[in-house]
Amino acid sequence: MRSNGCGELRNKDISSKVELCGWVDRCRDHGGVIFVDLRDQSGTIQITADPDQGKKLFEIAETLRNETVVKIKGVVRSRPKESINKKLGTGDIEILADEIKILNPIRGNLPFTVSVHDEEPVKEELRLRHRYLDLRRERMNQNLRLRHKTIHTARNFLEKEGFIEVETPILTRSTPEGARDYLVPSRVCGGEWFALPQSPQLFKQLLMVGGIERYYQVARCFRDEDLRSDRQPEFTQLDIEMSFMEQEEILALNEKLIVAIWKAIKGIDIPTPFPRMTWEESMNMYGTDRPDTRFDMKLEDVSEVVKNLGFKVFSGAIAKGGSVKCITVKNGNSTISNVRIKPGGDIFKEAQEAGAGGLAFIRVREKGEIDTIGAIKESLSNSQKEDLLKITKAKAGDLILFGAGETSTVNKTLDRIRQFLANELKLISDKNEPKAWNFLWIVDFPMFEFNSEENRLEALHHPFCAPKAEDLTKNSESIEINLPKAHAQAYDLVLNGLELGGGSLRIHDPDLQKQVFTAIGLSSKEASEQFGFLTDALNMGAPPSWGNRFWVGQNCNAINWRRIYS
RNA sequence: GGGACCGUAGUUCAACUGGUUAGAGCACCGCCCUGUCACGGCGGAAGUUGCGGGUUCGAAUCCCGUCGGUCCCGCCA
């Protein structure tokens, strides 16, 4: 039907006869000559309709509208020197049309414009209703290709490493994991329901017991929870599980996979090994388990300095077992006004959203002088002031923002403000491209987290992850006593503040698995009802195995990988 | 489940404190234009201001209800 792609043609094609198909991106009608930008998947080229080539041709060209589907026959020719368009890959040449055939005209109004030149925002709802038009747009088209390339590269890589792709069931039984299940009524077993899998977690463990050794799957997962802008109820993860591996081996393998993907999609060589940080370090320094390390503004704990301060917001927080931490905004005095950090200001609101009661601040002036609210200034001694400036390394012109209260709230608040300011101050990206690709392993996650509402421990990762052996043998006490404080043999991979995925060593000892169930408050009856099949399997020769998964971004955004769930 | 914000032409937005006939860009239609490339010029058509009710001399604007959407909290091992 066609001889070339629009975007492929170059000077070397001059004088050749071509047949092109595509969509009209834009028309410029000069009365005596009409220029048509013709677009297909490969790019755009200018078609010139000249009345000398026939009256009929010109009449058809006059009727063309944006997005009309056409087939064009013509000859490639060079453009006049003064008309060369350097912005276009095909800008040296054009097609002199001798036949234009309309394959499908446009009837009525288009809901939005498709052309790459149009950058007007369009409501999400409209874009979804007319997804086909949206996909025609360059950016969306590229996103789908990016996603394809990512998965294609992963498949090739895993194939070479001896993995096989296995599909696990979609219509399955409900296993109580974290989220609500999507349910599907069963016609055959009236009154019974299938659940859609929240992840292939248990299936892949059973595959390991089944001697598969190296499995992967591009797996669809379903979780019936409320949405967020970066969360979807249905998402895809690259799911991997392998037997007989040490942690170092699996981290190295993951790094190789990531390196291969970034090489393929960005042409970038990511250096290995990736840096590592323990969960505790990350929480202390960044207030989150997925820190964005492209910029500094680390959290500093100043509890020791201010614990006896007359300023009760600070000293009171510490007396109640909380802490006072702060971040230092370089040159914040000139970039951030008081209006923004006082009640009603946007930065203050961010702090409130995170649960903070307020947002204390100190502005550092010349010669170690400070500006702040009266209550802090009056109660701060000279040596305390000096200690603060020493810990924060704040210089004249810098702004120090404080969080005080329960440590988890303080962390959450400062993490949020840190990210908010990084965006505002443009510390993290130039245009749409990140300033760096900072991959980071977070290791040594705690096994459990205390849920104060339900008054019980919860698995931080999931209840199948193995605790670190040395944590269990501390002080030669029993496993039951050491378990709640143990660290998991689990890791997360973080990129620029986004959690790309993570993994862990599975428990393969049925007794230990039972202990973990007990620790999270699952009675042995419940455990055997819900996970009996798993403990059965562990009794019949389960190998030690590591599993992990990466989120494959639903939105194929600038980075393609996005946090969906943790 | 809770909170904040939004809904005006096909579309993106505007319309002061409630005050004349609800405006503009793009798209659309017509006319003009032979080197533009987000072409340009002149003209035109296009609106139940999401829907229903209320307050008022007067409502896009204020109030109540309702529908739809965006974001956030809870939730998402």
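Chain letters run A, B, ... following the sequence lines, proteins first, then strands; residues in each count from 1.
Residue A:Arg28 has no polar side-chain atom (N or O) positioned under 4.0 Å from OP1 or OP2 of B:rU36.
Residue side chain A:Glu94 reaches the base of B:rG35 through a donor-acceptor N/O pair under 3.5 Å, judged by distance alone. Between the side chain of A:Glu125 and the base of B:rU70, no donor-acceptor pair under 3.5 Å is found.
The interatomic distance linking A:Phe420 (CZ) with B:rC72 (P) rounds to 13 Å, in whole Å. Put simply, CG on A:Leu227 is 9 Å from P on B:rU70, counting in whole angstrom units. Look at CD on A:Glu499: it is 12 Å from C1' on B:rA77, rounded to the nearest Å. For the pair A:Gln513 CD and B:rA77 C1', the interatomic distance rounds to 13 Å; values are reported in whole Å. Computed from coordinates, the A:His30 NE2 to B:rC37 P distance equals 7 Å when rounded to whole Å. The interatomic distance linking A:Gln46 (CD) with B:rA38 (C1') rounds to 13 Å, in whole Å. For the pair A:Arg223 CZ and B:rC75 P, the computed distance is 15 Å after rounding to whole Å. At whole-Å resolution of the value, CD1 in A:Ile47 and C1' in B:rU36 are 14 Å apart.
Counting non-hydrogen atoms under 4.0 angstrom, A:Gln201 reaches a base of the nucleic acid. Contact annotation for A:Leu460: backbone-only contact, meaning every heavy-atom pair under 4.0 Å involves sugar-phosphate atoms and none involves a base.
Taking atom C1' in both B:rA60 and B:rG7, one finds a spacing of 11 Å when rounded to whole Å. Annotation: B:rC71 and B:rC28 have their C1' atoms spaced 34 Å apart (nearest Å). Comparing B:rU8 with B:rG2, their C1' atoms are spaced 30 Å from each other, to the whole Å. Atom P of B:rU17 sits at a distance of 23 Å from the matching atom of B:rU56, rounded to the whole Å. Using P as the reference atom, B:rC6 and B:rA45 are 33 Å apart when rounded to the nearest Å. The separation of B:rA22 from B:rC64, taken at their P atoms, amounts to 27 Å, rounded to a whole angstrom. Look at the P atom in both B:rC62 and B:rA4: the space between them is 16 Å, to the nearest Å.
Under a 3.5 Å cut-off, the side chain of A:Glu8 and the backbone N or O of A:Gly5 do form a donor-acceptor pair. Judged by distance alone, the side chain of A:Asp13 and the main-chain N or O of A:Arg10 form a donor-acceptor pair under 3.5 Å. Judged purely by atom type and a 3.5 angstrom limit, A:Gln489 has no side-chain atom pairing as donor or acceptor with the backbone of A:Ala466. Judged by distance alone, the side chain of A:Thr44 and the main-chain N or O of A:Asp40 form no donor-acceptor pair under 3.5 Å. When atom types are taken as modelled, the side chain of A:Thr172 and the backbone of A:Pro169 share no donor-acceptor pair closer than 3.5 angstrom. Side chain of A:Asp181 to backbone of A:Leu183: no donor-acceptor contact under 3.5 angstrom is found.
Between A:Arg290 and A:Asp492, none of the side-chain N atoms (NZ, or NE/NH1/NH2) sits under 4.0 Å from a carboxylate O, so this pair counts as no salt bridge.
Here the side chains of A:Gln205 and A:Glu241 are in contact, with some heavy-atom distance below 4.5 Å.
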Fill in: Derivation of the salt bridge (charged side-chain N to carboxylate O under 4.0 Å, His left out) call for A:Arg131 and A:Asp134
CA-CA 5 Å; A:Arg131 201 51 155 179; A:Asp134 200 24; 3.0 Å; yes
Worksheet item: For A:Phe531 and A:Phe464, what are the C-alpha separation, side-chain angles and deciding distance, and is it a ring-ring contact (aromatic ring centres under 6.0 Å, His included)?
Response: CA-CA 11 Å; A:Phe531 299 108; A:Phe464 317 111; 5.5 Å; yes
Item to complete: Using the salt bridge (charged side-chain N to carboxylate O under 4.0 Å, His left out) rule, take A:Arg39 and A:Glu67 through it: C-alpha gap first, then chi angles, then the decisive distance, then the call.
Response: CA-CA 9 Å; A:Arg39 181 191 71 235; A:Glu67 299 313 307; 2.8 Å; yes
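Scanning residues 403-418 of chain A for heavy-atom distances under 4.0 Å to RNA chain B yields A:Lys412, A:Arg416. Taken residue by residue, residues 51-90 of chain A places heavy atoms nearer than 4.0 Å to RNA chain B at A:Arg65, A:Arg77, A:Arg79, A:Pro80, A:Ser83, A:Ile84, A:Asn85, A:Lys87. Using a 4.0 Å cutoff on non-hydrogen atoms, no part of residues 501-511 of chain A comes near RNA chain B.
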Can you pull every protein N or O that's under 3.5 Å from an N or O on nucleotides 1-6 of chain B?
from: B:rG1; atom 1: O6; to: A:Asp226; atom 2: OD2; distance (Å): 3.2

Return the polar atom pairs (N/O with N/O) between nucleotides 10-12 of chain B and the protein under 3.5 Å, or none.
from: B:rG10; atom 1: O4'; to: A:Asn109; atom 2: ND2; distance (Å): 3.4
from: B:rG10; atom 1: O2'; to: A:Leu110; atom 2: O; distance (Å): 3.4
from: B:rU11; atom 1: O4'; to: A:Pro111; atom 2: O; distance (Å): 3.4
from: B:rU12; atom 1: OP1; to: A:Lys123; atom 2: N; distance (Å): 3.3
from: B:rU12; atom 1: OP2; to: A:Lys123; atom 2: NZ; distance (Å): 3.2
from: B:rU12; atom 1: O4'; to: A:Glu120; atom 2: OE1; distance (Å): 3.3

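Residue A:Val36 forms a side-chain contact (heavy atoms from CB on, under 4.5 Å) with just one option from A:Ile95, A:Val24, A:Asp25, A:Thr68, and that option is A:Val24.
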Worksheet item: Which dot-bracket notation, 5' to 3', represents the base pairing of RNA chain B when pairs are defined as Watson-Crick or G-U with both distances under 3.5 Å, crossing pairs as [ ], and inter-strand pairs as |?
Response: (((((((..((((.....[...)))).(((((.......))))).....(((((..]....))))))))))))....
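Taking every heavy atom of both residues into account, A:Val410 and A:Ala404 meet most closely at CG2-C, 3.6 Å. A:Val166 and A:Tyr215 make their closest contact through O-CE1, 3.5 Å (heavy atoms, listed as atom of the first residue, atom of the second, distance).
Scanning for ring-ring contact (aromatic ring centres under 6.0 Å, His included) contacts around A:His508 gives an empty result, with sequence neighbours left out. A:Val218 pairs by the side chain to side chain contact (heavy atoms under 4.5 Å, CB included) definition with A:Ile151, A:Arg155, A:Glu165, A:Thr236, A:Leu238, not counting sequence neighbours. Legend: residues meeting ring-ring contact (aromatic ring centres under 6.0 Å, His included) with A:Phe35, ordered by chain and number and at least two apart, are A:His30. Under the side chain to side chain contact (heavy atoms under 4.5 Å, CB included) criterion, A:Gln419 pairs with A:Asp415, not counting sequence neighbours.
Each of A:Gly108 and A:Glu458 was matched to the nucleotide of RNA chain B holding its nearest heavy atom; the match closer to the 5' end belongs to A:Gly108.
Pairs of residues two or more places apart, or lying in two chains, that qualify as side-chain hydrogen bond (donor to acceptor under 3.5 Å, both in side chains) and include a residue from residues 47-59 of chain A are A:Thr48-A:Glu94.
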Side-chain polar contacts of residues 341-357 of chain A - donor-acceptor pairs under 3.5 angstrom, sequence neighbours left out - could you list them?
from: A:Asp346; atom 1: OD1; to: A:Arg340; atom 2: NE; distance (Å): 3.0
from: A:Asp346; atom 1: OD2; to: A:Arg340; atom 2: NE; distance (Å): 3.3
from: A:Asp346; atom 1: OD2; to: A:Arg340; atom 2: NH2; distance (Å): 2.8
from: A:Glu350; atom 1: OE1; to: A:Arg416; atom 2: NE; distance (Å): 2.8
from: A:Glu350; atom 1: OE1; to: A:Arg416; atom 2: NH2; distance (Å): 3.4

